[in-house]
2 protein chains.
Amino acid sequence: MTFNLILANVEKHISLNESERKFFCSLLKEKKFSKKDLVLSEGQTCRNISFVNSGILRAFFNYDGKESTIMFAMKDWWVTDINCFIKHQPAMLNIVALEKTEVLQLTKENMDKLLHEFPKFEKFFRIIFQNAYIREQLRTIQNLSLPAAERYDNFCTKYERIANMITQKQIASYLGITPEFLSVIRAKKTKS
Amino acid sequence: MTFNLILANVEKHISLNESERKFFCSLLKEKKFSKKDLVLSEGQTCRNISFVNSGILRAFFNYDGKESTIMFAMKDWWVTDINCFIKHQPAMLNIVALEKTEVLQLTKENMDKLLHEFPKFEKFFRIIFQNAYIREQLRTIQNLSLPAAERYDNFCTKYERIANMITQKQIASYLGITPEFLSVIRAKKTKS
DNA sequence: GAAAAGACTTAATGTAGATTAAGAAATCAG
DNA sequence: CTGATTTCTTAATCTACATTAAGTCTTTTC
């Protein structure tokens, strides 16, 4: 596996010299998952934040059998159960590979080590979490104010790259509706 | 107005010397709002992130007349339209004072200046945004998976300090339901 | 301190979206 | 390749929550 993608991801926000690059990469752990493999399962303590090098992950919450998708993580995205990762609590979320997926994982301990050794990474994570906050605040706004059909349109825009690689069941669980109702929404859209 | 509260808020996460304190405080602008005053209105460019020194603010989204409350900000909380603040776009949110409220505001320009002058503040904002992300990811989980009555219970726990200082109309708009339906939920709860 | 405006409740009726069910199409496992 | 499992669709019925409306209570305003 190559570190090119993750280094580019970091260097979009902060510049690194060779020793910083090396140290950062030395803290990462490569992992490969097959379709349906679990990257994280609920109850387990979430030690890692994962960077998707290739493939797709889905983070979802399971409330007695009903799944709610919290996010899809594509190539070049970071994903974790943030509450569990930061506060060392049992995970609420499951994270599953939707296809063959390669990730680079950073443990909380290694993140702390990195921030201690090279404080400039504070800026990087400040920006990563700032962007995550922007994303989630926008989603809250839309979840509260828009009907399902419009949330579906927004979803297709936001996840354009993968919208036709994932099942409608999974999209429905992201929108907070049933697959049957999504099917109705799509049927109406085709007609008009 | 005193800077004690905001300095304590910062020094919970990073330690400051006297010159850092002074510089930080010099970048802040005090503002006082009366009940119903707007701290931010939609469309306007959001230049500030606000720290609540006393009082209560409400951030809401207006979708042709229907209001969705995104958050309440109590004493010792930070609040802004984060998308607009970071990306210099027109605000989607309105922020209004629910009572006499004193805030300390930091403009994006001053935040950048602060981060440039004293990079240790990167850590502070990393933690602030990290916590905001945790809060919003939890809310997304709950919005998608829980019925209104349970979301109301969670609300009362989370906003215990202010739950009986704000109207039910405002609580309902946070939960994504009508005040009439919240009234029904509460009536059922009293009976049982 | 009176009039007006807004908040809260209750109830009847309406609707977005859920549930159940069943068949067709696609995908998966051996 | 083939049977089994999962996905998608359509439709009937059901339910959580919305809307409308009307009355009471509280707060605001001047």
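Computation of the quantities below employed the complete heavy-atom set of this structure, encompassing side-chain atoms and omitting hydrogens, waters and symmetry-equivalent molecules. Naming convention: chains lettered A, B, ... in sequence-line order (proteins, then strands); numbering from 1 in each chain.
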**Q** Which word best sums up how the rings of F121(A) and F124(A) line up, parallel for under 30°, tilted for 30 to 60°, or perpendicular for over 60°?
**A**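 Because their plane-to-plane angle is over 60°, the rings of F121(A) and F124(A) count as perpendicular.
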**Q** S183(B) near the nucleic acid: base, sugar-phosphate alone, or nothing, with a heavy-atom cut-off under 4.0 Å?
**A**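 Base contact.
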**Q** Separation of K66(A) atom NZ from dT20(C) atom P, in whole Å?
**A**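 Distance, rounded to whole Å: 9 Å.
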**Q** What is the separation between atom CG on L98(B) and atom P on dT28(D), rounded to the nearest whole Å?
**A**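 The answer, rounded to whole Å, is 12 Å.
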**Q** Could you tell me the separation between the OH atom of Y152(A) and the P atom of dC8(D), rounded to a whole number of Å?
**A**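 It is 10 Å, rounded to the nearest whole Å.
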**Q** Measure the distance from NZ on K188(A) to C1' on dA16(C) and round it to the nearest whole Å.
**A**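 Nearest whole value for this atom pair: 9 Å.
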**Q** Reading DNA chain D from 5' onward, which residue's closest nucleotide shows up sooner: E180(B) or I185(B)?
**A**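 That would be I185(B).
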**Q** Tell me, with the steps shown, if R139(A) and E136(B) meet salt bridge (Lys or Arg N to Asp or Glu O under 4.0 Å).
**A** CA-CA 9 Å; R139(A) 188 169 182 197; E136(B) 294 300 318; over 6 Å; no
**Q** Fit a plane to each ring of F23(B) and F118(B), take the angle between them on a 0 to 90° scale, and name the class: parallel (under 30°), tilted (30 to 60°) or perpendicular (over 60°).
**A**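 Aromatic pair F23(B)/F118(B) classed perpendicular.
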**Q** Any idea which of dC28(C), dC17(D), dT10(C) is nearest the K35(A) side chain?
**A**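 For K35(A), the side-chain atoms sit closest to dC28(C).
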**Q** In whole angstroms, how far is the P atom of dT27(D) from the CD1 atom of I166(B)?
**A**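 Atom-to-atom, I166(B) to dT27(D), this comes out as 15 Å.
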**Q** Whole angstroms only, please: what is the CG-C1' distance between L175(B) and dA16(D)?
**A**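 Between C1' of dA16(D) and CG of L175(B): 14 Å.
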**Q** Nearest to the side chain of I177(A), which nucleotide is it out of dT19(D), dC17(D), dA18(C)?
**A**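 Ranking dT19(D), dC17(D), dA18(C) by closest atom to the I177(A) side chain puts dA18(C) first.
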**Q** Establish, with yes or no, whether the OP1 or OP2 oxygen of dT9(D) is under 4.0 angstrom from a side-chain nitrogen or oxygen of Q168(A).
**A**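 It does, given that an N or O in the side chain of Q168(A) lies less than 4.0 Å from OP1 or OP2 of dT9(D).
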**Q** Side chain of F181(B) only, please: which of dT10(C), dT7(D), dA16(D) is the nearest?
**A**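 Taking heavy atoms from C-beta onward, the closest nucleotide is dA16(D).
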**Q** Rounded to whole angstrom units, what separation is found between the CZ atom of R186(B) and the P atom of dA11(C)?
**A**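 Spelled out: CZ on R186(B) to P on dA11(C) is 17 Å.
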**Q** Start with the C-alpha gap between I166(A) and R58(A), add the side-chain angles, then the distance that decides, and say whether side chain to side chain contact (heavy atoms under 4.5 Å, CB included) holds.
**A** CA-CA 10 Å; I166(A) 57 193; R58(A) 180 172 77 100; over 6 Å; no
**Q** Please pick, from dT29(D), dC17(D), dT19(C), the nucleotide with the shortest atom-to-atom distance to any side-chain atom of K36(B).
**A**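 Selected nucleotide (nearest to the side chain): dT29(D).
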**Q** Output the rounded distance in Å from NZ (K189(A)) to P (dT9(D)).
**A**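 Nearest whole value for this atom pair: 14 Å.
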**Q** Going by side-chain contact (heavy atoms from CB on, under 4.5 Å), F51(A) matches just one of L106(A), V103(A), V79(A), D76(A). Which one?
**A**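 Output: one option passes, namely D76(A).
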**Q** So which nucleotide from dC17(D), dT19(C), dT7(D) ends up closest to the side chain of T178(A)?
**A**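 For the T178(A) side chain, the nearest candidate turns out to be dT19(C).
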**Q** Out of dC28(C), dT28(D), dT7(D), which nucleotide sits closest to the side chain of K169(A)?
**A**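 That would be dT7(D).
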